[in-house]
Amino acid sequence: MSDMHAHSVAFVRETMLPEQEPPASEVGVVHWMRENLFRGWANTLMTVIAIFVIYKIVAGAFPWFVNGIWSTNSLAECREILQGTTGGCFSVLTERWNQLLFGFKYPQDQYWRLILAFVLLGLAAAPVLFNKLPKQMLFFTGLYPFIGFWLIWGGTLLAPLVALAGFLVGFAAFKKVEHQSFAMGALAFLVAALVTWFLGGFAIRSAPGFLALEAVPSRDMGGFMLNMILGVVCVSLSLPFGILLALGRQSDMPIIKWICVVFIEFIRGVPLITLLFVANVVLAYFLPPGTTFDLIIRVIIMITAFASAYIAEVIRGGLAALPRGQYEAADSLGLDYAQATRLIIMPQALKISIPGIVNVAVGLFKDTTLVSVISMFDLVGMIRGPILASTEWNGVYWELWGFAVFLFFIVCYSISQYSQWLERQLQTDHR
Amino acid sequence: MAEAAQTQMEISNEVAIQIENMNKWYGTFHVLRDIDLTVYRGERIVIAGPSGSGKSTLIRCINALEEHQKGSISVDGTRLSSDVKNIDRIRSEVGMVFQHFNLFPHLTILENCTLAPIWVRKTPKKEAEEIAMHFLTKVKIPDQAKKYPGQLSGGQQQRVAIARSLCMRPRIMLFDEPTSALDPEMIKEVLDTMVELAEEGMTMLCVTHEMGFARQVANRVIFMDAGQIVEQNEPEEFFNNPQNERTKLFLSQILGH
């Protein structure tokens, strides 16, 4: 036995082997195609069918885009130019561009205000979305709601200034009384803010022309701008309300808990469209006669209520996913409830909830088109109403709806991409 | 013997924790029954006992992570009440180390350590970071300060947890089975840290199954069973000459292999 192996076992390598390139079939495009497109006959068949389908779609859509007409004033003119060949009448978009974006009543010479408001929105949102930006920029974010309101609705600058002053005075009062108890602080905030607003009301009435832009009533808002206003306002309001509702639902205090549970369950059990009808028609009966309660505000309240209930449930899921140990560790260090919630619990719960929150936010943004049903002229309302009903453009469906789809897709896809980026940013476990 | 004499000297007559006739129920289940315990400043107490005997619950009552229903607990002369401010003050004086570390995974090691000093003690950030680095050096992981808890081993995480508690400069430390979730080779590094802490005269209450640690460090070993303190004694006497039948049975099982 032993001498059978004796001459073959001993081995000493004298020269090391150099590294070699892998064979051509294992790298590059050829390898990728072989692995993914032509692996076995079934895979190859699917590839061929897919290529055929893609070809058919592109071949159908390509001339439609390329032959598209961009500069006529009506569908009839457009059809005349096309002479029966395939081609889109995109001129509806160029001719009705302003209507699609801003509605049909907003004064044309004031469009710069809306564009400025939109640009500033980006500036205000940036420090909230990207935490690497300097914290001082948040100062502008805090001012933006008042600037944005002034730019879009116009009127005297005093109105948003008084509103801002109310919040500042209220906050100062809160800080003064806070050490007694949080509830006292909240009460002080409310009283101080209301007094400021009440007094400021006189100032506004006495000087309605102070730094005034041309006032535009809410019913004149329209187009994609209306979707953006509703979407941005409702998302930014429903997140804090959702957090409060989620915390309230977990509260030890039975009354608070009970209120939150009833609110969430009721709102979730009702279709948004009925809430919008309530906002449009029924709410007016409950208000004292003579009060004008802006329709947009009523709609914002309803959509915010709707979205916060959903966000609250999403965040509750995030809270439930946190181990008890996190609460105990925060408690054992002597952090109070507010500190533990803000510094330990919420950052983690929100991180877990990001996909769910984004889901609600995207859904909410798309649901803003439902206001077209209560005769508001958002993008969908504009297309369905003034544009398709006009004699010039009656019958242009693909181009218009395609444009609406395109706009909404851009916004929603951006939100989704942002959230995925954010999730990667917040990943700290490095597993 | 000289060492033992020295450790005896560090214990003062000042009472750190006074528990009188304390009772606790989970629903109808009577978990802690008539607990009487006085802990003097500088004392190191190891609490042992079978699982479900109420050891963890007892030390969790001391910083009010669990509520007791009868009797009284005083920490540093302050009686524990249901007032939130009172509880938060006591918690900031009492450090706690958990079986599962409970570090905050979204914060770096350094931020874990500076969070409570900054927010509870209102320490300036720079100073809090210096304190944190001091204690991280003490537990021998200053070079991990910028990492996140998820990147550290179990033993390192537990040492960070100890440092995090120490950053609050607590007068009393509670340990709730600090080594039970660790691999054997990591237990030693955590125990070494605890021994060092004990040698500096920290008042410690430690729930653990590490009997070697108890022998080396404890002034007093408390044995609990069925929610009661069954026996307490100095470690030598406790291990060599247990009196109660339950203690004998427990020790024979735990030391038998």
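Residue numbers begin at 1 in each chain, while the letters A, B, ... track the order of the sequences.
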Q: Do B:Val84 and A:Asp336 come within less than 4.5 Å of each other through their side chains, counting heavy atoms only?
A: no

Q: Identify which of B:Leu174, B:Thr108, B:Val120 forms the greatest number of heavy-atom pairs closer than 4.5 Å to chain A.
A: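 With the most close heavy-atom pairs to chain A, the winner is B:Val120.
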
Q: Do A:Leu333 and B:Phe104 have side-chain heavy atoms sitting under 4.5 Å apart?
A: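 A side-chain contact under 4.5 Å exists here.
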
Q: Output, in order, the C-alpha distance, side-chain angles, deciding distance and verdict of side chain to side chain contact (heavy atoms under 4.5 Å, CB included) for A:Asp331 and B:Asn63.
A: CA-CA 9 Å; A:Asp331 284 347; B:Asn63 68 349; over 6 Å; no

Q: Counting only non-hydrogen atoms closer than 4.5 Å, does B:Arg60 touch chain A with its backbone (N, CA, C, O), its side chain (CB onward), both, or neither?
A: side chain

Q: If you count every heavy atom of other residues, nucleotides or ligands that lies below 6.0 Å from A:Tyr327 atom OH, does the total exceed 12?
A: yes

Q: To the closest 0.5 Å, what do you measure between CG (B:Asp88) and CG (A:Leu335)?
A: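 B:Asp88 atom CG to A:Leu335 atom CG measures 8.0 Å (nearest 0.5 Å).
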
Q: Looking at B:Ala116, is its backbone amide N or carbonyl O close enough to the side chain of A:Gln339 to form a donor-acceptor pair, meaning the two atoms are under 3.5 Å apart?
A: no

Q: Which bit of B:Val94 is near chain A, if near means a heavy-atom gap under 4.5 Å: side chain, backbone, both or neither?
A: backbone

Q: When rounded to the nearest 0.5 angstrom, what is the spacing between OG in A:Ser332 and CD1 in B:Ile90?
A: 14.0 Å

Q: What residue, out of A:Pro323, A:Ala330, A:Gly334, has the most heavy-atom pairs lying under 4.5 Å from chain B?
A: A:Gly334

Q: Is it the side chain or the backbone of A:Glu328 that comes within 4.5 Å of chain B heavy atoms, both, or neither?
A: both

Q: If only atom types and distance count, is the side chain of B:His106 paired as donor or acceptor with the main-chain N or O of A:Gln427 below 3.5 Å?
A: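 No; zero donor-acceptor contacts below 3.5 Å.
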
Q: So does A:Tyr413 have more than 12 non-hydrogen atoms from other groups sitting under 6.0 Å from OH?
A: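 No.
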
Q: Please indicate whether A:Met137 has more than 12 foreign heavy atoms, meaning atoms of other residues, nucleotides or ligands, lying under 6.0 Å from its CE.
A: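 Yes, because the 6.0 Å sphere around CE of A:Met137 holds more than 12 heavy atoms from other groups.
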
Q: Given a strict heavy-atom distance threshold of 4.5 Å, which part of B:Leu103 is in contact with chain A: side chain, backbone, both, or neither?
A: backbone

Q: Sort B:His100 into side chain, backbone, both or neither according to what part of it lies under 4.5 angstrom from a heavy atom of chain A.
A: neither

Q: Take atom NZ of B:Lys122 as the centre, draw a 6.0 Å sphere, and report whether it contains more than 12 heavy atoms from other residues, nucleotides or ligands.
A: yes

Q: Is the closest side-chain heavy-atom distance between B:Leu107 and A:Leu343 below 4.5 Å?
A: no

Q: Does A:Asp252 have more than 12 heavy atoms from other residues, nucleotides or ligands lying within 6.0 Å of its CG?
A: no

Q: Around atom CD1 of A:Ile410, are there more than 12 heavy atoms of other residues, nucleotides or ligands at under 6.0 Å?
A: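 Counting other residues, nucleotides and ligands, CD1 of A:Ile410 exceeds 12 neighbours.
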
Q: Tell me whether B:Asn102 contacts the main-chain N or O of A:Ala329 through its side chain, where contact means a donor paired with an acceptor under 3.5 Å.
A: no

